[in-house]
Every structure is written in C-alpha cells, then in structure tokens.
There are 2 protein chains.
Amino acid sequence: MPQAKTDLFDNDLQELALIFKALGHPARLQILKFLGNRDACFSGDITEIVPLGRTTVNQHIAELKKAGLIKGTIQGSKTNYCLNPCGIEKLTKLGIDFCTELENINNFQSKEC
Amino acid sequence: MPQAKTDLFDNDLQELALIFKALGHPARLQILKFLGNRDACFSGDITEIVPLGRTTVNQHIAELKKAGLIKGTIQGSKTNYCLNPCGIEKLTKLGIDFCTELENINNFQSKEC
DNA sequence: AATAAATGACGTAAAAATACGTCGAAACAT
DNA sequence: ATGTTTCGACGTATTTTTACGTCATTTATT
C-alpha cells in the first residue's frame with residue numbers, strides 16, 4: 001500500500017480533519033441531529049428518517065461509528081443507536097459545541113455578511 | 001443536470017455539511033491555521049507551507065474561498081491571503097470556536113478571538 | 001522590449017466517497 | 001420448521017475529490 005498523502009500532515013491536523021469529514025455530509029448530520037434530539041437511544045430503522053436507500057444509510061452509520069460519534073448495539077433483532085458521549089465530548093473539547101449546532105440546524109439562515 | 005442527492009435534505013443541513021466539508025482536509029486546516037496564527041494577512045506562496053504540489057494547494061485555496069473562509073486579493077504580482085472574518089464568524093455562530101480549535105492544534109492564542 | 005517570477009486556469013489520471021442491489025445471518029412470529 | 005423482519009456484509013457503478021503537469025496571464029526586472 002502506497003503512502004497516503006494525508007500522512008504528510010501532523011497527526012493533530014489529520015485527526016481534526018477526520019472529525020470534520022465525518023460531519024461533512026447532510027445525511028450524517030441528519031442522523032446525529034435525530035439521535036441528539038431524543039432523550040434516549042433509538043431502536044429501529046434510521047433508514048426511514050433519511051431520504052436515501054437503506055444500504056447507503058447503513059454506510060453513513062458505519063462512518064459515524066468509525067468516527068466515534070455514535071454507537072450501535074445489537075438488541076435482539078434490532079439495533080440500538082445512541083450518540084457516543086465520548087465522541088461528542090471530543091467535539092466539545094475541539095470547540096465544536098454540538099448543542100449549539102443542533103439548535104442552529106433548525107433556524108440557521110445563511111446571509112451574506 | 002440531474003437532481004443531486006444532497007437536494008433531498010433541508011437547506012440548513014446542506015449548508016452546515018458544506019462548511020464541515022471545507023474543514024475536512026488537513027491541507028485546508030493547515031492553511032487556515034497558518035493564516036489564523038498571523039497578525040496580518042499573508043502575501044506569498046502558501047505552497048511552501050503545505051507538503052503538496054502548488055497546483056493542488058491552489059485547488060484547496062479555491063475551496064476555502066468558495067466556502068467563504070478566506071479571501072485572496074491580488075496585489076501587484078502577488079496575492080494577499082487573509083482569513084475572511086465573516087466566514088469565521090459564521091463558524092462561531094454555528095458553535096465552532098475557531099480559536100479553541102487552533103489552540104488544540106498547537107496551543108496558539110489569537111488576539112482577535 | 002525581453003525575461004523572469006508568481007499565480008490562477010485548464011485538462012486529466014488516480015483515488016475516494018457515494019449510492020444502491022443483492023445476499024446472508026440472526027431473531028422473531030406463525 | 002417455515003416464513004418474515006431486521007440489518008449488516010459484499011460487490012459495483014457513478015460521481016466527486018484529490019493531485020499534479022502544463023499553459024496562460026499579469027506584474028516586476030533588466
């Protein structure tokens with residue numbers, strides 16, 4: 001396997017970039033928002049929340065897991081999806097206030113300044 | 001042009017995702033960090049900062065411009081690169097504290113923030 | 001005017017992300 | 001046991017991103 005170009009950068013930059021990358025797709029944000037807006041974890045089909053095919057959504061879920069932002073534990077025939085507090089705290093430490101974000105998702109207006 | 005899949009999502013989610021996407025590459029973070037760590041704008045070759053080819057770096061610069069995070073104004077034969085305060089403020093409003101981030105990258109403290 | 005230096009524009013190959021169809025395993029229902 | 005539901009695993013086509021070489025343009029320099 002040839003050396004990846006990203007290895008040319010500091011580890012700090014690489015890690016930070018990976019976190020932002022995980023947040024860089026509307027489907028993944030929608031999933032995070034959905035889980036963040038609930039009191040408890042969600043047991044069921046996240047597919048129905050996201051306007052994409054089930055397989056694709058699963059792929060996005062896998063990426064969120066990989067980034068440590070959500071957890072999925074199998075319970076019987078269903079899977080229980082939760083935010084991963086550690087991952088969210090990591091965001092907070094990086095200056096990304098997840099709650100602020102969630103709030104802004106709902107009423108964020110882009111205006112040129 | 002066929003409808004893009006991202007159009008299936010709320011505008012809020014789309015915009016937020018675009019911002020995160022712009023931050024989702026170490027080269028772009030390095031450029032932001034470099035500009036953020038200076039008192040003034042930078043006139044010169046950012047290529048030398050980033051361990052990638054000049055053309056590639058220009059491409060990343062273009063993306064940062066498109067995302068409204070930096071500005072590049074031509075001055076004579078050189079280009080003057082600055083952080084775009086509006087873009088940075090936008091981040092802040094979204095709960096992304098750019099200075100906290102920089103601090104975590106290398107313990108830097110910016111005066112402006 | 002001719003040359004050099006800086007930097008964006010364009011084209012393109014390679015890599016990665018995205019989207020989805022299909023299959024299979026586990027748990028539940030009948 | 002048989003069928004159904006749930007959901008991850010695998011394969012793959014399409015799109016997007018990444019990376020870079022080359023050329024063009026603009027401004028300094030000689």
Side-chain angles (χ1 to χ4, degrees), chain A residues 1-9 13-14 17-32 34-35 41-67 69-82, chain B residues 1-9 13-14 17-32 34-35 41-67 69-82:
Chain A
M1 188 155 65
Q3 192 210 26
K5 289 290 173 185
T6 46
D7 286 346
L8 298 172
F9 296 91
L13 286 178
Q14 284 183 51
L18 283 181
I19 292 177
F20 281 128
K21 207 168 170 185
L23 298 173
H25 192 284
R28 295 194 284 272
L29 287 178
Q30 189 175 17
I31 294 169
L32 284 177
F34 176 72
L35 291 178
C41 300
F42 174 73
S43 180
D45 196 1
I46 294 193
T47 298
E48 295 169 5
I49 313 303
V50 183
L52 292 172
R54 193 180 57 78
T55 317
T56 306
V57 177
N58 269 332
Q59 214 166 300
H60 286 300
I61 289 174
E63 287 201 49
L64 287 171
K65 276 187 197 167
K66 205 179 62 182
L69 294 173
I70 71 172
K71 284 196 284 195
T73 53
I74 296 171
Q75 273 188 4
S77 66
K78 305 211 173 185
T79 304
N80 216 254
Y81 299 103
C82 316
Chain B
M1 190 154 68
Q3 192 210 25
K5 288 291 174 186
T6 46
D7 286 346
L8 298 172
F9 296 92
L13 287 178
Q14 286 183 48
L18 283 180
I19 292 177
F20 282 127
K21 207 169 170 186
L23 297 173
H25 193 285
R28 294 195 285 270
L29 287 178
Q30 190 176 18
I31 293 169
L32 284 177
F34 175 74
L35 291 178
C41 300
F42 174 73
S43 180
D45 196 1
I46 295 193
T47 298
E48 295 169 5
I49 313 302
V50 183
L52 292 173
R54 193 180 58 77
T55 317
T56 306
V57 177
N58 269 332
Q59 213 166 300
H60 286 301
I61 289 174
E63 288 201 50
L64 287 171
K65 276 187 197 168
K66 205 178 61 180
L69 294 174
I70 71 173
K71 285 196 283 194
T73 53
I74 297 172
Q75 274 188 1
S77 67
K78 306 212 174 187
T79 303
N80 217 253
Y81 299 103
C82 316

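Computed from a predicted structure; not experimentally measured. Naming: A, B, ... by sequence-line order, numbering from 1 per chain.
Scanning DNA chain C for stems, defined as runs of 3 or more consecutive Watson-Crick or G-U wobble pairs whose donor-acceptor distances all fall under 3.5 Å, gives the following ranges: C:1-30 with D:1-30.
Legend: side chain to side chain donor-acceptor pair (under 3.5 Å) pairs involving residues 47-61 of chain A, not counting sequence neighbours, sorted by first then second residue: Arg28(A)-His60(A), Asp45(A)-Thr47(A).
Annotation: side chain of Thr73(A) is not in contact with side chain of Thr79(A) (no heavy-atom distance under 4.5 Å). At least one side-chain heavy atom of Leu8(A) sits under 4.5 Å from a side-chain heavy atom of Leu52(B). Within the 4.5 Å cutoff, the side chain of Cys41(B) has no heavy atoms near those of the Lys71(B) side chain.
Between Ala22(B) and Leu64(B), the shortest heavy-atom distance links the atoms O-CD2, 4.2 Å.
Whole-Å rounding puts the Glu63(A) CD to dA16(C) C1' distance at 10 Å. Taking atom CG of Leu8(B) as the reference point, atom C1' of dC20(C) lies 14 Å away to the nearest angstrom. The distance from atom NZ of Lys66(A) to atom P of dT18(C) is 10 Å, rounded to the nearest whole Å. When the C1' atom of dA17(C) is taken as reference, atom NE2 of His25(B) falls 13 Å away, rounded to whole Å. What separates CG of Leu52(B) from P of dA14(C) is a distance of 18 Å, to the nearest Å. Rounded to whole Å, the distance from CD1 on Ile49(B) to P on dA6(C) is 14 Å.
Scanning for ring pair (Phe, Tyr, Trp, His ring centres under 6.0 Å) contacts around Tyr81(A) gives an empty result, with sequence neighbours left out. Residues satisfying the side chain to side chain contact (heavy atoms under 4.5 Å, CB included) criterion with Lys66(B), sequence neighbours excluded, are absent altogether. With sequence neighbours left out, Lys78(B) forms a side chain to side chain contact (heavy atoms under 4.5 Å, CB included) with Ser43(B). Here Phe9(B) pairs with nothing under the ring pair (Phe, Tyr, Trp, His ring centres under 6.0 Å) rule; sequence neighbours left out.
At a threshold of 4.0 angstrom between heavy atoms, the contacts of Gln59(A) include nucleobase atoms, whether or not backbone atoms are also involved.
Sequence order on DNA chain C of the closest nucleotides to Pro51(A) and Gln75(A) puts Pro51(A) first from the 5' end.
Phosphate proximity of dA19(D) to His60(B): present, with a side-chain N or O under 4.0 Å from OP1 or OP2.
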Distances under 3.5 Å between protein N/O atoms and the N/O atoms of nucleotides 7-9 of chain C, please, pair by pair.
residue	atom	partner	partner atom	Å
dT7(C)	OP1	Gly44(B)	O	3.2
dG8(C)	OP1	Thr79(B)	OG1	3.4
dG8(C)	OP1	Tyr81(B)	OH	2.5
dG8(C)	OP2	Asn58(B)	OD1	2.4
dG8(C)	OP2	Asn58(B)	ND2	3.4
dG8(C)	OP2	Tyr81(B)	OH	3.3
dG8(C)	N7	Arg54(B)	NH1	3.1
dG8(C)	O6	Arg54(B)	NH2	2.9

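Which of dT18(D), dA17(C), dA19(D) sits closest to the side chain of Lys21(A) comes down to dA17(C).
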